[in-house]
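Please read the structure below before turning to the comments.
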Amino acid sequence: MYVVESKGGAIACMLLALFFLGTWPAIMTLLERRGRLPQHTYLDYTMTNLLAAVIIALTFGEIGSSTPEKPNFIAQLSQDNWPSILFAMAGGVVLSLGNLSTQYAWAFVGLSVAEVITASITVVIGTTLNYFLDDKINRAQILFPGVGCFLIAVCLGSAVHSSNAADNKAKLKGAGYSPTSNGAITNEELRNLEKGTGIIEEAKAGTAEFLLELEKRRAIKVFGKSTIIGLSITFFAGVCFSLFSPAFNLATNDQWHTLKEGVPHLVVYTAFFYFSVACFVIALILNITFLYLPVLDLPRSSFKAYINDWNGRGWALLAGLLCGIGNGLQFMGGQAAGYAAADAVQALPLVSTFWGILLFGEYQKSSRRTYVLLFGMLFMFIVAVGVLMASSGHRK
């Protein structure tokens, strides 16, 4: 079994995880904006997400000889370690619920803002829990100022969202569309939108025509819906994300002494396998249900329609692979340097914002105030990830 033992190796794992975990949401958002049903996308995603865990377990988890204290992946499958397995599976359940929720939140509040809010909740709750579960191996005088930086970035992120929403309202109004008090356009304008009336075929990013064309094409329609829906989904996802890492921590380190005497702790690869199996099962059940009982006014689908939907399937499969590898790297780094420090990967909005600007034209043609706030948010996230990594300890 390969074990990350050095602080440098742990930080390398965190940086790679940061890139992967910040990239897969952009791919999922891209598919939704192209009109692919989120149920179809998530079913594809969850297949390769589990595949990544199996590959990691059968490669890194089988490197070297197996010992009683540190058994290899396959050797540990037959051991009596069900309390730890249940903790790992509980972590997989809440992560699956969080990922499924953010898939809908991205449409309502935008990729960047949704990632900022969920990441901040994860850091504030999850990092604090991991700090105490890890017996305070991270340096508190560095760790908690890092948490404070995330909180500042959240405030700035909320301000970015508010400023950008005001910019978009002004663009729609200037183009002859009249935003209502909740940010929607009128019923007549919605009918024109469905017909494509007055919409330029190749609208430039950042223009009113671009916003209207996007609404016409995307799978989840957001015009006319309250932003409270999106924010509620986002906060629910953040709470779920804040719990999966502490649950995984308990699964691999048994701080509550639930294992029988002489039974070795779950190695990170075995725990990640059970974690991903639970994630897969919950995602499968919920998304097949949503095919026939869709939420948020999405069209009804079927399993046959999903099987025949090859539009964007390759991208969805890639997203699942990136997420699975990213989670595995985060856990490998956390086992070596402490799961509180590994929460530095929650700076993933840095990567998501980059893709949001590059792929989706977010913040283009926005006001100067929006750009200043955006720069401040990104700067605080850079500081936060650096500070959390600097707090890394070393597990005995």
Side-chain angles (χ1 to χ4, degrees), residues 17 20-21 24-25 28 38-39 41-58 60-61 71 73-74 76-104 118 122 125-126 129-130 133 236-256 258-259 263 265-291 316-317 319-332 334-335 339 342-343 345:
F20 291 149
L21 294 177
W24 77 266
M28 303 280 273
Q39 306 98 303
T41 299
Y42 204 88
L43 282 169
D44 288 334
Y45 151 91
T46 197
M47 303 290 180
T48 47
N49 188 55
L50 176 62
L51 178 63
V54 173
I55 292 173
I56 289 174
L58 292 176
F60 291 105
F73 166 65
I74 293 178
Q76 194 165 46
L77 292 178
S78 60
Q79 293 178 347
D80 184 14
N81 42 32
W82 274 103
S84 292
I85 290 173
L86 292 176
F87 278 123
M89 296 184 78
V93 168
V94 291
L95 178 66
S96 187
L97 292 173
N99 283 340
L100 183 60
S101 300
T102 52
Q103 185 178 217
Y104 294 92
T118 55
T122 302
I125 300 176
L129 291 175
N130 278 325
L133 287 174
F236 172 76
V239 173
C240 290
F241 287 149
S242 70
L243 298 176
F244 84 83
S245 180
F248 194 91
N249 194 348
L250 285 166
T252 54
N253 295 300
D254 192 36
Q255 291 94 333
W256 292 352
T258 56
L259 293 174
V263 177
H265 295 173
L266 275 188
V267 298
V268 67
Y269 306 107
T270 310
F272 185 44
F273 170 75
Y274 285 115
F275 173 94
S276 299
V277 167
C279 199
F280 171 80
V281 171
I282 291 297
L284 203 63
I285 293 172
L286 290 178
N287 280 282
I288 290 178
T289 301
F290 289 160
L291 287 176
L317 294 172
L321 202 60
L322 290 176
C323 182
I325 294 172
N327 284 331
L329 288 169
Q330 178 186 359
F331 295 143
M332 288 165 66
Q335 188 64 14
Y339 287 97
D343 282 338
V345 300

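These values consider heavy atoms only, across backbone and side chains, with no hydrogens, waters or symmetry-generated copies. Positions are given from 1, in the same order as the sequence printed here.
The two atoms that bring Ala17 and Gly326 nearest to each other are CB-O, 3.3 Å, heavy atoms only. Considering every non-hydrogen atom in both Tyr274 and Ala88, the closest pair reads CB-CB, 4.3 Å. Of all non-hydrogen atoms in Tyr45 and Cys323, the two that sit nearest each other are OH-SG, 3.2 Å. Listed here is the closest heavy atom pair of Pro71 and Val267: O-CG1, 3.4 Å. Taking both residues in full, the closest heavy atoms of Gln39 and Phe290 are given as NE2-O, 3.1 Å, listed atom of the first, atom of the second, then distance. Across Leu50 and Phe280, no two heavy atoms sit closer than the pair CD2-CG, 3.8 Å.
Taking the six-membered ring where the residue is Trp, Phe60 and Tyr269 present parallel rings, their angle staying beneath 30° rather than reaching 60°. Taking the six-membered ring for Trp and thresholds of 30 and 60 degrees, Phe244 and Phe331 have ring planes more than 60 degrees apart, a perpendicular arrangement.
If you take OG1 on Thr270 and CD1 on Ile85, they are separated by 8.5 Å, rounding to the nearest 0.5 Å. Note: Phe236 CZ to Leu100 CG = 9.0 Å, rounded to the nearest 0.5 Å. Between Asn49 atom CG and Leu322 atom CG the span is 10.0 Å, to the nearest 0.5 Å. Between the CG atom in Asn81 and the CG atom in Leu86 there is a gap of 10.0 Å [rounded to 0.5 Å]. One distance of note links CG of Leu43 with CG of Leu291; it measures 5.5 Å at 0.5 Å rounding.
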- Query: Should Phe248 and Val268 be marked as a side-chain contact (heavy atoms from CB on, under 4.5 Å) after you check the CA-CA gap, both sets of side-chain angles, and the distance that decides it?
  - Reply: CA-CA 9 Å; Phe248 194 91; Val268 67; 3.7 Å; yes
- Task: Show your working on side-chain contact (heavy atoms from CB on, under 4.5 Å) between Ile125 and Phe241 and close with a plain yes or no.
- Result: CA-CA 9 Å; Ile125 300 176; Phe241 287 149; over 6 Å; no
- Query: Could you walk me through whether Cys279 and Thr46 pass the side-chain contact (heavy atoms from CB on, under 4.5 Å) check?
  - Reply: CA-CA 8 Å; Cys279 199; Thr46 197; 5.7 Å; no
- Task: Output, in order, the C-alpha distance, side-chain angles, deciding distance and verdict of side-chain contact (heavy atoms from CB on, under 4.5 Å) for Phe87 and Leu266.
- Result: CA-CA 10 Å; Phe87 278 123; Leu266 275 188; over 6 Å; no
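Judged purely by atom type and a 3.5 angstrom limit, Thr41 has no side-chain atom pairing as donor or acceptor with the backbone of Pro38. With hydrogens and angles disregarded, a donor-acceptor distance shorter than 3.5 Å links the side chain of Ser101 to the backbone of Leu97. Under a 3.5 Å cut-off, the side chain of Gln76 and the backbone N or O of His265 do form a donor-acceptor pair. Using modelled atom types, no side-chain atom of Ser96 and backbone atom of Val93 make a donor-acceptor pair closer than 3.5 Å. Between the side chain of Thr258 and the backbone N or O of Asp254 there is no donor-acceptor pair closer than 3.5 Å. Under the 3.5 Å distance criterion, the side-chain polar atoms of Ser276 are matched with a main-chain donor or acceptor of Phe272. Judged by distance alone, with hydrogens and angles left aside, the side-chain atoms of Thr48 form a donor-acceptor pair with the main-chain N or O of Leu317 at under 3.5 Å.
Contact annotation: the side chain of Asn327 approaches that of Leu21 to within less than 4.5 Å [non-hydrogen atoms, C-beta and beyond]. Residues Met47 and Leu284 meet the side-chain proximity criterion, which asks for heavy atoms closer than 4.5 Å.
Using a 3.5 Å distance cut-off with no hydrogens or angles, the side chains of Ser245 and Asn249 do not pair a donor with an acceptor.
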